Amino acid sequence: MATTVRTAQAPANVQTPPVLHARSQSTNVAPKTLPTFSMQGKVCLVTGGARGLGFDFCRAFADSGCTSLAVIDLKASEAQQAANELTAYAVDGGGHVEDINFIGIECDVSSELSVQKAYAQIIQKFGRIDSVVASAGIVENYSAFDYPADRMKRLYDINVHGAFYTAREAARHMTTQGGGSIILVASMSANIVNIPQPQTPYNASKAAVKHMAASLAVEWAKTGVRVNSLSPGYMLTKLTRTILENDPDLKKTWESLTPMGRMGEPEDLAGAVVFLASDASKFMTGSDIRVDGGYCII
Ligand SMILES: NC(=O)c1ccc[n+]([C@@H]2O[C@H](COP(=O)([O-])OP(=O)(O)OC[C@H]3O[C@@H](n4cnc5c(N)ncnc54)[C@H](O)[C@@H]3O)[C@@H](O)[C@H]2O)c1
């Protein structure tokens, strides 16, 4: 997608910076970006990719040149529908349909066997795996006294064990091919306690995910497999909309607690996820990137 470079007349008292590239003076040239940010030639996988942040991570990869992508989600039909929508999106952006290989795969990340089967399909189709985002996750709000034990187990099975199975299976393939990048989606809730809604198991699960990323990063550092976490603040997705539908005032509370005064749009994470997934971050492992409108600093 070509973007027009805008040029403005500098005020008399402002020194104009030196011209670095003759191309940057032209008005009809796409601005250059660092080639290391490109996802061209990389095979990507996103769990929970059928909707919400996962879907937008897929879109960010498509925007950055990825043409081989596996969208993983609970239902085959939803995963495939997302893959189809993403294909149409990539074609709209100038891609050729015959070059684009976006596939939907059914997988329950809380089952190790299901995760292994999904990876087997991906390796059979693409032969390798370069960048993996573990985005599948759930949240529920119960006070600690009322939290049903079976639901708490389910939450940890998805958020914590699911992230672990996704990362371990990725690393098994990545170590044999010389490396890759794994991103575990944690949350600002790994660092702070959200108010007013009670969600202790969720917060603890995200703290576990953040430290899991750091711990796996150290275990696999010498193999070329990098593991980092991405910690969003309040983002507008299906997950948060469901909570807000039952409590419209909550949105105002969340916004007032966020220094930037708004909730994040899923595309606000695009730069961070492409940075972590691409070679732009190739000396980075065990780090957490927080994208929360400043929530955690006050
Ligand atoms: N939305 C936010 O404000 C926010 C903030 C911080 C962190 N997060 C984290 O981001 C991630 C994505 O959240 P979201 O807002 O996009 O949620 P969402 O509910 O909109 O989407 C989650 C996706 O994961 C899938 N999924 C759920 N359980 C699964 C399982 N067992 N196996 C495979 N797929 C499964 C769902 O079908 C869905 O497509 C979660 O890990 C969440 O904790 C979200």
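Both ligands and their constituent atoms are indexed starting at 1 by order of listing. The structure presented is a predicted model; accordingly, all values stated were derived computationally and were not measured. Positions are given from 1 along the sequence.
A salt bridge is absent between Asp73 and Arg51: the closest approach of a Lys/Arg side-chain nitrogen to an acidic carboxylate oxygen does not fall below 4.0 angstrom. The residues Arg241 and Glu245 are annotated as not salt-bridged, no charged nitrogen and carboxylate oxygen being separated by less than 4.0 angstrom. Comment: Lys153 does not engage Asp150 in a salt bridge, judged by the lack of any side-chain N to carboxylate O separation of less than 4.0 angstrom.
Ligand 1 places these atoms under 4.0 Å from at least one heavy atom of Ser187: 6 (C), 7 (C). Atoms of ligand 1 lying under 4.0 Å from any heavy atom of Gly52, numbered from 1 in the order shown and given with element: 16 (O), 20 (O). Remark: ligand 1 atoms within the under-4.0 Å shell around heavy atoms of Lys206 are 40 (C), 41 (O), 42 (C), 43 (O). Interface atoms of ligand 1 facing Tyr234, defined by a heavy-atom separation under 4.0 Å, are 3 (O).
Among Leu236, Ile138, Val209, the residue whose heavy atom sits closest to atom 27 (C) of ligand 1 is Ile138. Of the candidates Asn159, Val291, Val185, Val185 brings a heavy atom nearest to atom 9 (C) of ligand 1.
If you check which protein heavy atom lies closest to atom 31 (N) of ligand 1, you get Asp108 OD1, 2.8 Å. Among all non-hydrogen protein atoms, the one lying nearest atom 32 (N) of ligand 1 is Val109 N, 3.0 Å. Nearest to atom 13 (O) of ligand 1 among the protein's heavy atoms is Leu239 CD1, 3.9 Å. Looking from atom 15 (O) of ligand 1 to the surrounding protein, the closest heavy atom is Thr237 OG1, 2.4 Å. At the shortest separation from atom 33 (C) of ligand 1 among protein heavy atoms lies Cys107 O, 3.2 Å. Nearest protein heavy-atom contact of atom 21 (O) of ligand 1 is Arg51 NE, 3.5 Å. What sits closest to atom 22 (C) of ligand 1 on the protein, heavy atoms only, is Gly137 O, 4.0 Å. Closest to atom 11 (C) of ligand 1, if we only count protein heavy atoms, is Ser135 O, 2.9 Å.
No hydrogens or angles considered: nothing links the side chains of Asn101 and Ser68 as a donor-acceptor pair under 3.5 Å. Using modelled atom types, one finds a donor on one side chain and an acceptor on the other under 3.5 Å when comparing Asp288 with Ser231. In summary, the side chains of Asp99 and Thr67 do not present any donor paired with an acceptor at a separation below 3.5 Å, with no hydrogens or angles considered.
Using a 4.0 Å heavy-atom cutoff, Thr240 is listed among the residues neighbouring ligand 1. Ile158 counts as a contact of ligand 1, since one of its heavy atoms falls under 4.0 Å from the ligand. Proximity of Ala134 to ligand 1 is not established, as no heavy-atom distance is less than 4.0 Å. Using a 4.0 Å cutoff on heavy atoms, Phe55 does not count as a contact of ligand 1.
Taken together through direct or relayed side-chain contacts under 4.5 Å among Ile, Leu, Val, Met, Phe, Trp and Tyr, Val132 and Ile103 form part of one hydrophobic cluster.
No part of Ser189 comes within 4.0 Å of ligand 1, judged by heavy-atom distances. Contacts of Pro266 with ligand 1, taken as heavy-atom pairs under 4.0 Å, are absent altogether.
Heavy-atom contacts from other residues, nucleotides or ligands closer than 6.0 Å to CZ of Arg151 number 12 or fewer.
In terms of modelled atom types and a separation under 3.5 Å, the side chain of Ser38 and the main chain of Pro35 share no donor-acceptor contact. Side-chain atoms of Asn141 do not come within 3.5 Å of backbone N or O of Ile243 as any donor-acceptor pair.
Polar contact check, Met235 against ligand 1: a nitrogen or oxygen pair lies under 3.5 Å apart. Remark: ligand 1 and Asp73 share an N or O pair separated by less than 3.5 Å (distance only, no angle test). Remark: ligand 1 and Tyr202 share an N or O pair separated by less than 3.5 Å (distance only, no angle test). The N/O atoms of Leu53, backbone and side chain alike, include one that comes under 3.5 Å of an N/O atom in ligand 1.
Between Tyr119 and His173, the ring planes lie parallel to each other; the angle is under 30°, not in the 30° to 60° tilted range.
Legend: residues meeting side-chain hydrogen bond (donor to acceptor under 3.5 Å, both in side chains) with Tyr147, ordered by chain and number and at least two apart, are Glu140. For Asp268, the side-chain contact (heavy atoms from CB on, under 4.5 Å) test picks out Met235, Arg262, Glu265, with sequence neighbours left out.
Taking the ring axis of Tyr89 as reference, the NZ or CZ atom of Arg59 stays within 45° of it and closer than 6.0 Å to the ring centre.
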